[in-house]
Every structure is written in C-alpha cells, then in structure tokens.
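Just so it is clear, the values below take in all heavy atoms, side chains as well, and ignore hydrogens, waters and symmetry mates.
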Amino acid sequence: MGKGGKSDGSNVEEENMAAWLVSINTLKIQPFKLPPLGPYDVRVRMKAVGICGSDVHYLKTLRCADFVVKEPMVIGHECAGVIEEIGSNVKDLVPGDRVALEPGISCWRCTQCKEGRYNLCPDMKFFATPPVHGSLANQVVHPADLCFKLPENVSLEEGAMCEPLSVGVHACRRANIGPETNVLVMGAGPIGLVTMLAARAFGAPRIVIVDVDDSRLSVAKELGADEIIKVSINIQDVEGEVESIQKAMGGSVDVSFDCAGFNKTMTTALTATRAGGKVCLVGMGHHEMTVPLTPAAAREVDVVGIFRYKNTWPLCLEFLRSGKIDVKPLITHRFGFSQKEVEEAFETSARGGSAIKVMFNL
C-alpha cells in the first residue's frame, strides 16, 4: 500500500507525524507509525504536498465517488520529497535525491496490469484513498520504482505538481492531441488548467477554454488560452454558447475535454465537437449524466474517459525541465505543517476563489 514507511531499526530520532482525517471537517496532526522498509522501498522525507479536490471531498463528506472513509486516515497524495533511506535492493536512488512520488501502487498481476493499463488495477493501493494512508506526513515509505528523481532545475513544489499534471497528460494521450488538434476545455479549475497546459505541450495549435467564473478564466488567459468564454449553468443556453465557442475557435473543435463532468458541460462538449471528433471526460462532477449521445453518435463523435494516469511522471518531468510547461503560477497559496496551518490550508482550498493549488511546505 501507499506505505508511508521507515524501518523499525532506523536511526530516525523524531516521531513521525501526519495529518489525519478523523471525522467530517476534522483534521488532526498525530503520530504516524511507519511500516518496515522493504528491500525495494525508500523512505522519503516529505517536502511539498498539494491539496487535491478529492482531499477536500473526503474532509467535507468522508467520501469521494464510491470510496468511503470508515476509520481515521492520513490525507494527501500530491507530493515530493527527499530520499532518506533506501532498501537493500534499490539501485537507482540514493539518500539525498529529490523525488516526485507517483501515489498508486498496482498489483502487476491482474489482466489490466498485464495489459499495461495499471491505472485500472482493481487492487490499486493509492495514497489517501481509503483504507490506504496518504502522504501529508513528515515521512513516508514508498516503492522506489514509483519515486522519480527531479531534474536539477525542477523544484520540489513542481515535483508535487506532477500528480495533477499527470491527469492532463493522460487525458491528452487518450485523446491523441497533436499539432493539428484544436482543443476545447470545459472548466478552468485546477484540472482544466493543467489539461490546457498539457494540450499546448502536446502541440495543440488553438485552445478555447470556458467556465462560469471570470477570475478562473482570467488565469486561463494568462496561462496561454487563445480564447476564453464565460458560460452559464443553464442548459438552455447550450446552443448559443456552442455558436460562441465555434466562432472563438475559428475552425472545427477537434477534441473537447470536459474537466467538470456535469450534464451541461458534457452536453456542450458533445454538441460543439466536430463530426468525427473526440470528447474526453475528465471531470466527475455528476455520478450520472443525461446527455445527447444519439446525435453525437450519428456524427461519429468518440467519447473516451480517463481514470488517474499511467506512465506519466517521466514526461511530466521532461515538460517541466524543458520549460514546455510552467506549473508555478498554479501554486497560489502556501502553508506550513502545524495544526493551525493545516486547518487554514484546507479552508482556503475549499473556499476556492483565488485559490488554484494550495501547497504545504514541510
């Protein structure tokens, strides 16, 4: 599992502490006992941990989709840190290496894993997905092969941003984004923004992004969106908004990314995308949706979904190293690792507003 560990024989002096979700709207920094260090594991001192929307869902409701928190759980899964100890069989990492952690540990035995789609592993053990503990802690233990060394010019905060960026990268791979692909992004929240950045890095020549919030749209424009369009939450407005989107694109919408996942956003995406185009469902705002699939099918619009990501960290780090993607502007708030600051950080993230990515510096 996302082990969070150290060996019992370690020379670590201080007690390992972590942010535990103990009940609705209640986080407490408490001791976190770490499991033994296996031969292929590393012990990592956490330095940067971001707050994800799923973390906020767990805090507010003790559930996210079908995952339910039934007992206290350490929160957090967007993370980077410094290697402090390596297992006896670890060859490619040494103490002192700065690493970004991929948070999901698959079984490598099931059909999905053997087919290379390990993100769909039914036995995935993922940081801060119950009952697996997360990474908002002083230290964790994790498999060495899921810890990726950071290039010298990539910060630990940027390393932690590889997790949300991976969602955008995986979505772009699923949608086959390239230099001839005009892209529509529905939603300018954190995932919509990283999907936009990833699409640009994959070569998309024109990107239009829509949202209901002016401040989010202004951020998207600053980050490189070609056009921004404010839309409503009223599904009756879809027809007029599709006309505005197609006019702003100045051509066909080849691929639409729905990064919100609501009836309205998916209906807009399906309607706006050209015949023979593709819609990629990234967001999961509604558990179930009623959308016009029949007209889309008659135009042979392909619909694909994504779940997490696979084999994305090396490419994310290369995008960051080369400057093709700059995630630094997405980090809008920073907090330390005290009881008060943990509470304030989650309140800030939950409020939204100007907060895009809230980051802990441990």
Side-chain angles (χ1 to χ4, degrees), residues 50-57 60 161 164-165 167-168 171 182-201 204-251 253 255-273 279-286 289 291 325-335 344-359:
I51 297 178
C52 174
S54 65
D55 295 323
V56 176
H57 276 295
K60 297 298 181 182
M161 288 294 293
L165 180 58
V167 175
N182 289 330
V183 168
L184 169 64
V185 179
M186 305 296 301
I191 293 301
L193 294 174
V194 293
T195 300
M196 181 190 77
L197 293 174
R200 186 70 83 199
R206 192 160 180 81
I207 302 174
V208 174
I209 188 166
V210 308
D211 201 283
V212 298
D213 185 87
D214 285 317
S215 62
R216 286 185 171 186
L217 287 172
S218 65
V219 171
K221 187 66 174 177
E222 291 172 5
L223 290 174
D226 294 293
E227 294 288 347
I228 56 174
I229 298 176
K230 186 176 182 179
V231 295
S232 76
I233 60 172
N234 191 336
I235 201 162
Q236 278 73 40
D237 294 333
V238 166
E239 184 177 348
E241 290 170 359
V242 166
E243 290 180 4
S244 298
I245 288 166
Q246 292 173 336
K247 181 178 179 181
M249 186 66 75
V253 176
V255 171
S256 294
F257 291 103
D258 182 357
C259 296
F262 296 109
N263 288 336
K264 166 79 184 304
T265 53
M266 194 62 174
T267 295
T268 303
L270 289 166
T271 306
T273 304
V279 173
C280 182
L281 179 56
V282 181
M284 297 182 180
H286 281 159
M289 290 189 284
V291 296
I325 291 179
D326 182 6
V327 293
K328 294 188 292 293
L330 299 179
I331 305 170
T332 54
H333 295 75
R334 294 173 173 85
F335 291 86
E344 290 178 351
F346 272 86
E347 289 172 4
T348 300
S349 184
R351 279 197 306 269
S354 63
I356 299 174
K357 181 56 62 178
V358 177
M359 186 73 64

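- In terms of heavy atoms, F257 sits closest to A171 at CE2-O, 3.5 Å.
- A pairwise comparison of heavy atoms in P329 and L223 identifies CB-CD2, 3.8 Å as the closest pair.
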Taking it one step at a time, do L281 and M289 satisfy side-chain contact (heavy atoms from CB on, under 4.5 Å)? CA-CA 12 Å; L281 179 56; M289 290 189 284; 3.7 Å; yes

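- Taking each heavy atom of N263 and V291 in turn, the nearest pair found is O-CG1, 4.1 Å.
- No option in D213, L217, D211 other than D213 meets the side chain to side chain contact (heavy atoms under 4.5 Å, CB included) test with S215.
- Looking at T273 and V255, their side chains never come closer than 4.5 Å, going by heavy atoms from C-beta outward.
- Using a 4.5 Å heavy-atom cutoff, the side chains of N182 and V253 are not in contact.
- Side-chain contact between K264 and I233: absent, with no pair of heavy atoms (C-beta onward) separated by less than 4.5 Å.
- Of all non-hydrogen atoms in V185 and G192, the two that sit nearest each other are CG1-O, 3.7 Å.
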Would V56 and R351 count as a side-chain contact (heavy atoms from CB on, under 4.5 Å) here? Give the steps. CA-CA 10 Å; V56 176; R351 279 197 306 269; over 6 Å; no

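- The local environment of NE2 in H57 is sparse, with at most 12 non-hydrogen atoms from other residues, nucleotides or ligands closer than 6.0 Å.
- Between L193 and R216 the shortest side-chain heavy-atom distance does not fall below 4.5 Å.
- Between the CD1 atom in I207 and the CD1 atom in I228 there is a gap of 13.5 Å [rounded to 0.5 Å].
- Distance check: L270 CG to S256 OG gives 8.0 Å after rounding to the nearest 0.5 Å.
- Within a 6.0 Å sphere centred on NZ of K247, other residues, nucleotides and ligands contribute 12 heavy atoms or fewer.
- In this structure, R206 contributes its side chain and A248 its backbone to a donor-acceptor pair below 3.5 Å.
- Residues L330 and M161 meet the side-chain proximity criterion, which asks for heavy atoms closer than 4.5 Å.
- Judged purely by atom type and a 3.5 angstrom limit, T332 uses its side chain to pair as donor or acceptor with the backbone of I356.
- Q246 has its side chain out of reach of T271: every pair of non-hydrogen atoms, C-beta onward, lies at least 4.5 Å apart.
- Side-chain contact between M249 and E227 is absent, with no heavy atoms from C-beta onward closer than 4.5 Å.
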Using side-chain contact (heavy atoms from CB on, under 4.5 Å), reason through M186 and T268 one step at a time and then give a plain yes or no. CA-CA 8 Å; M186 305 296 301; T268 303; 3.7 Å; yes

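- Minimum interatomic distance between A355 and H333 (heavy atoms only, all atoms of both residues): CA-CE1, 3.6 Å.
- Without hydrogens or angle criteria, T348 side chain to E344 main chain gives a donor-acceptor distance under 3.5 Å.
- I229 places a side-chain heavy atom less than 4.5 Å from the side chain of I245.
- Between I191 and P164 the shortest heavy-atom distance is CD1-O, 4.2 Å.
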List the steps, then state whether side-chain contact (heavy atoms from CB on, under 4.5 Å) holds for D258 with V282. CA-CA 6 Å; D258 182 357; V282 181; over 6 Å; no

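- The line from CD1 of I209 to CG of L184 is 9.0 Å long, rounded to the nearest 0.5 Å.
- The salt bridge (Lys or Arg N to Asp or Glu O under 4.0 Å) search around K230 returns D214, not counting sequence neighbours.
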